[in-house]
Each structure stands twice: as C-alpha cells, then as structure tokens.
K.L.:
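Quick one: the structure is below, and I'll ask about it shortly.
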Amino acid sequence: MLKRTKIVSLINADQTIDQVLVKGWVRTRRDSKDFSFIEINDGSCLKNIQVIANNNLANYEEVKKLTTGSSVAITGALVASKGGNQKYEIVAQEIEIYSLAPDDYPLQKKKHTDEYLRTIAHLRPRTNKYGAAFRVRSELSFAIHKFFNDRGFRYVHTPIITGSDCEGAGEMFQVTTLDLNNIPKLPNGEVDYSQDFFGKAAHLTVSGQLNGEMYALGLGDIYTFGPTFRAENSNTTRHAAEFWMIEPEMAFADIYDDMDLAEDMVRFCVKHVMDKCADDLALFDKFVEPGLIAKLQNIVDNGFARITYAEAIEIMQKSGHNFEYKPEFGIDMQTEHERYLAETHFKRPVIVRDYPKEIKAFYMRLNEDGRTVAAMDVLVPGIGEMIGGSQREERYDVLVQKIKEMGMKEEDYSWYLDSRKYGSVPHAGFGLGFERMMMLVTGIANIRDVIPFPRTPNSINF
RNA sequence: UCCGGCUUAGCUCAGCGGUAGAGCAAUCGGCUGUUAACCGAUUGGUCGCCUGUUCGAAUCAGGCAGCCGGAGCCA
C-alpha cells in the first residue's frame with residue numbers, strides 16, 4: 001500500500017520517483033487537446049505540484065470536470081518537468097476524486113482582498129497568502145518554545161479563568177453560569193455571586209504575569225504562552241479581544257537582564273522563521289511588505305537601540321518634528337511618538353526604559369531617583385509597542401505603599417504579597433503580544449489576518 | 001468610544017439627477033506542454049436598509065446598519 005507523500009517533499013526531492021501518492025486540493029486546471037495540467041496544493045508548502053492527466057486515464061472525462069477547490073488523491077510518477085517553472089511534475093497513473101467543489105466555491109484563481117477573505121475565514125487557509133501566514137505562525141510558536149527551552153526556562157500554564165478581578169491590565173470578560181434572565185441578588189441589590197459556579201465573580205485572564213511571578217520565585221526562569229482576553233472596545237489593526245501572549249519571568253534578574261532577554265528572543269525567533277519559512281517570507285516580501293526580508297535581516301544583524309524615557313523625550317524635543325502632542329517629561333507616549341522613535345529616528349526596534357512611575361503599573365520597581373520605575377517597552381517600526389516589561393518591585397514595604405497610593409485594596413493582593421514576604425528576590429519579566437510579532441515577521445498589517453479566527457468587538461463568527 | 005471614508009453582478013470596481021456598465025470568475029465552445037494560459041459566446045444586479053427632496057434618485061438630504069482607516073486604551 002503506497003503511503004501519501006507531502007508535496008513539500010516532492011518539490012525538494014533530489015531525484016525522480018517511479019510511483020508516489022499525493023493528496024490535496026486543486027488550485028487550477030488547464031486543458032490541452034489530449035491531456036490536462038492540474039495544480040495541487042496540500043498546505044505543506046507554498047508551492048503547488050503540477051500533475052499531468054493524460055486522456056488514457058480511466059476516468060479522464062471526470063478529471064476534466066475538476067474545479068478549483070476540489071479534493072483529489074493522485075498516484076503517479078514524479079518526473080522532470082518539460083515546462084520551465086518547476087523542476088518536477090507528476091504524470092498521473094490514477095486520479096481519485098474525493099469531492100468536486102461546486103461552481104460557487106468562493107476562492108477564485110485571482111487575488112482577493114483581505115477584507116473579503118475575512119468574511120470567509122474558514123476557507124482562507126487555502127490561499128497562498130494565508131497558508132503562508134499560518135505556516136509562519138506555527139513556526140514562530142515553535143521558535144518561542146525552542147528559545148526558552150534552550151535557555152532552561154520552564155513552561156508554566158497559568159489559569160485562563162481567574163478569580164482576581166484586579167490584574168490591572170484592562171477590561172475583563174466575565175465568566176458565569178448564573179441565569180442572566182434571573183440573576184440572584186443580595187438584599188442590598190448586588191449580585192449574589194455565592195450562587196455562581198466558583199462562589200465568587202470570575203473572569204477570563206488579561207495576563208498570567210502575577211501567577212507567573214510566583215512560579216519564577218520557585219522554579220527560577222519560567223515563561224507562559226497562552227491565550228489572553230481583553231474586553232476593551234478597541235477598534236484598531238493592532239488589537240483583538242482574544243490574543244496570545246508570551247510572558248517570561250526571571251528570578252534574580254534586573255531590568256537589564258530583562259532587556260537582553262527580550263532582544264535575544266525577538267532576534268532568535270526572527271532568524272528561526274527566516275531559516276524555516278524562506279518561501280513564505282519571500283511571498284510576503286513580494287506582495288505584502290516590499291523590503292520585509294531586508295528589515296528582518298537588519299533586526300537579526302544589528303539589534304535594538306536602547307534609551308531611557310528621558311532621553312526619548314529629549315530626542316523628540318530636539319527633532320524639530322511637529323508632534324500633535326508635545327513631548328514633555330511625564331506624558332504617556334502616544335502612537336506618534338513611538339512611531340517617530342522606531343521608524344524615523346532609529347529606523348529599527350528601540351527599547352525605552354525608566355518611565356515616570358505615574359504612568360506605569362503598581363508592580364514595577366521604583367528606581368533610586370524616586371520618580372521613575374524600571375519599566376521597558378520595545379517599540380518596533382510599523383507596529384509600535386510589541387513588548388512591555390519591567391523589573392518587579394521586590395521590596396514588601398515599597399510594594400504595599402504603591403498599592404495604597406494607587407487606590408487598590410491590599411487584601412486583594414495578599415497571596416501576591418506573600419512572595420515579597422517570604423524570601424523575596426529581585427526578578428523581572430515582560431509580556432509580548434504574539435500576534436504583534438507575527439505582524440512584524442510577516443508584514444501583515446492587520447491583527448485580524450494573523451489569527452485563524454479573530455475575535456474583535458462585534459465580531460465572533462466561525 | 002471619538003473622527004473620517006466606503007457600501008453597485010460571485011470578486012474588484014466605474015457610473016454621481018434621465019431609468020445599469022467593465023474586468024475577472026462561472027457556464028458553453030475553440031485552441032494550445034500549459035504556468036493566475038489564450039480566443040469567442042452566454043449567464044448574472046429590487047445599486048446596504050429606512051425616510052425625505054424631485055416629474056424622475058444608484059446619483060441629492062437625513063437616519064440606521066455593516067465594513068475599512070486613523071486616534072484613545074494596550075500586547
């Protein structure tokens with residue numbers, strides 16, 4: 001019994017083969033007088049394999065009805081192609097038709113707009129561009145795991161459902177089994193969560209960081225890589241309600257170790273994808289973002305610029321550039337500022353650190369100057385903020401003070417504070433939006449096009 | 001959530017007060033070791049929805065919806 005061979009193996013074969021079995025979907029069929037050319041794609045690589053179907057096939061009349069999108073199994077000989085565009089082709093000995101796609105198959109043999117393909121997100125992995133995008137997504141995920149595994153980081157699975165409604169990273173989706181048409185209430189009118197599934201209010205996680213810190217302070221170096229949810233009404237090309245985040249956390253590390261890790265990780269992952277997905281990246285370089293490969297090579301070769309927030313403000317003030325929001329110490333950086341720094345001034349990724357404490361989260365470590373925190377953001381051309389991280393405040397008293405200052409309840413963080421109470425050590429970590437790294441690597445400009453089935457405000461189809 | 005734009009054939013668009021068009025796709029036929037093949041023919045639309053202005057609305061005005069882009073929030 002002949003085993004199926006994937007097309008990627010045949011494309012890269014080093015010699016002809018008497019008999020092979022390929023299975024896939026028809027991309028196009030071109031008829032000649034006595035035979036037909038059929039191009040088959042099975043998703044194993046960007047390229048199709050060309051099949052020659054001669055009229056001596058038992059079911060040649062059926063073969064001539066093959067439409068774009070139909071599925072087939074083809075047994076034949078892998079031979080040198082007489083045509084110029086491919087090294088090998090298959091001369092079919094037998095063509096089994098699994099299924100003929102009717103003439104309303106939505107994918108035509110031409111370029112479709114991304115907007116249209118979003119309306120048929122269940123079929124877009126059958127296109128060249130989206131096939132490439134999701135092969136890269138898989139390879140990029142693997143690169144993340146490989147990078148951390150090679151460095152001895154442990155992969156920690158932090159909870160998706162959280163009972164802490166104060167992770168502090170944005171609006172949360174509530175999780176409940178209460179009957180929304182008949183909500184149990186307390187005498188004071190508030191919802192009686194004691195009757196809910198967990199006996200208290202529950203939400204989808206917005207970050208695994210606080211949990212991740214606990215494991216770093218036991219296992220040493222850890223990372224999380226999983227889905228994250230934000231109920232923000234964000235309508236942009238860079239935000240989704242459900243996205244994947246990578247959150248490493250290192251014990252016995254400071255903000256400089258953190259920046260080194262972020263830069264090393266991005267450069268490793270970019271290099272990995274360049275090595276493993278050359279054909280797919282070439283497609284993006286040609287049709288999606290001209291100059292993409294040169295941009296990626298620059299990231300791999302030259303590394304990131306590093307400046308402090310104060311230096312960033314000064315650079316912008318002296319630039320003569322007309323900003324809508326004037327750069328002054330203390331402002332939260334706007335998109336225009338991030339883009340100026342990464343795209344115009346440095347023309348490569350830049351890490352900005354030591355932000356004013358007022359604009360950053362409570363858990364970030366207060367610097368010696370008393371007015372900045374050891375936070376760092378990685379700003380990337382075309383995307384803006386891709387990574388946000390910090391050295392964590394490990395001093396119990398300072399952290400409690402910060403929690404109070406920001407109007408939060410100390411008792412809500414008792415378990416978190418335990419880590420500072422018992423054997424606290426300096427530690428640092430960051431959060432990386434996986435889809436944003438996908439956008440960097442592929443040049444795809446909309447986050448909806450780098451997630452298989454994107455979830456955004458008012459959109460949860462498929 | 002705010003600002004702007006768009007919505008006409010399966011897809012991409014033109015038409016911008018006088019009653020519906022093109023290219024591609026599809027279907028049929030022809031031709032050819034073809035390469036998103038080529039040539040010819042055919043099919044295909046209550047012009048997003050509602051209301052108004054007008055003798056007459058795809059076209060002008062108002063409202064609504066959806067989509068897209070920018071901003072904010074952030075990853």
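Within every chain, numbering begins at 1; the chains are lettered A, B, ... in the order of the sequence lines, protein sequences first and strands thereafter. Computation of the quantities below employed the complete heavy-atom set of this structure, encompassing side-chain atoms and omitting hydrogens, waters and symmetry-equivalent molecules.
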K.L.:
Considering only atom P, compute the distance from A58(B) to A20(B) and round it to an integer number of Å.
P.N.:
9 Å

K.L.:
Does a side-chain N or O of N233(A) approach OP1 or OP2 of U1(B) to a distance below 4.0 Å, or not?
P.N.:
yes

K.L.:
Taking the same atom, P, in U42(B) and in G52(B), what whole-Å distance lies between them?
P.N.:
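That atom pair is separated by 41 Å.
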
K.L.:
Quick one: is G72(B) close enough that its OP1 or OP2 comes under 4.0 Å of any side-chain N or O from T335(A)?
P.N.:
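For G72(B), OP1/OP2 do have a side-chain N/O of T335(A) under 4.0 Å.
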
K.L.:
Using the P atom as the point on both nucleotides, what is the distance between U51(B) and C24(B), in whole Å?
P.N.:
39 Å

K.L.:
Does a side-chain N or O from R30(A) land closer than 4.0 Å to OP1 or OP2 of A37(B), or not?
P.N.:
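Yes, R30(A) has a side-chain N/O under 4.0 Å of OP1/OP2 on A37(B).
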
K.L.:
Counting the benzene-type ring for Trp, do Y155(A) and F148(A) have ring centres under 6.0 Å apart?
P.N.:
no

K.L.:
Measuring only the P atom in each nucleotide, how far is G66(B) from C73(B)? A whole number of Å is fine.
P.N.:
25 Å

K.L.:
Kindly say if R448(A) contacts the phosphate of G69(B), meaning a side-chain N or O under 4.0 Å from OP1 or OP2.
P.N.:
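Yes, within the criterion.
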
K.L.:
Nearest-Å distance, NZ (K33(A)) to P (C38(B))?
P.N.:
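Rounded to whole Å, this separation is 21 Å.
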
K.L.:
Is the phosphate of U12(B) approached by T113(A) (side-chain N or O, under 4.0 Å from OP1 or OP2)?
P.N.:
yes

K.L.:
Look at Q50(A) and U34(B) and indicate whether a side-chain polar atom (N or O) is within less than 4.0 Å of OP1 or OP2.
P.N.:
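Q50(A) to U34(B) OP1/OP2: no side-chain N or O under 4.0 Å.
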
K.L.:
Let me spell it out: for each of N85(A) and M386(A), pick the nucleotide of RNA chain B with the closest heavy atom. Which residue's pick is nearer the 5' end?
P.N.:
N85(A)

K.L.:
Would the F229(A) and H203(A) ring centres measure less than 6.0 Å apart?
P.N.:
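No: the rings miss the under 6.0 Å criterion.
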
K.L.:
In whole angstrom, give me the gap between the C1' atoms of A26(B) and G44(B).
P.N.:
9 Å

K.L.:
Under 3.5 Å, is there a donor on one side chain and an acceptor on the other for Y363(A) and E213(A)?
P.N.:
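No, because no side-chain N or O of Y363(A) sits under 3.5 Å from a partner of the opposite role on E213(A).
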
K.L.:
Do E289(A) and K295(A) sit within salt-bridge range, that is, some charged N less than 4.0 Å from a carboxylate O?
P.N.:
yes

K.L.:
When the P atoms of G23(B) and C38(B) are compared, how many Å lie between them, rounded to an integer?
P.N.:
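Between the two P atoms, the distance is 14 Å.
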
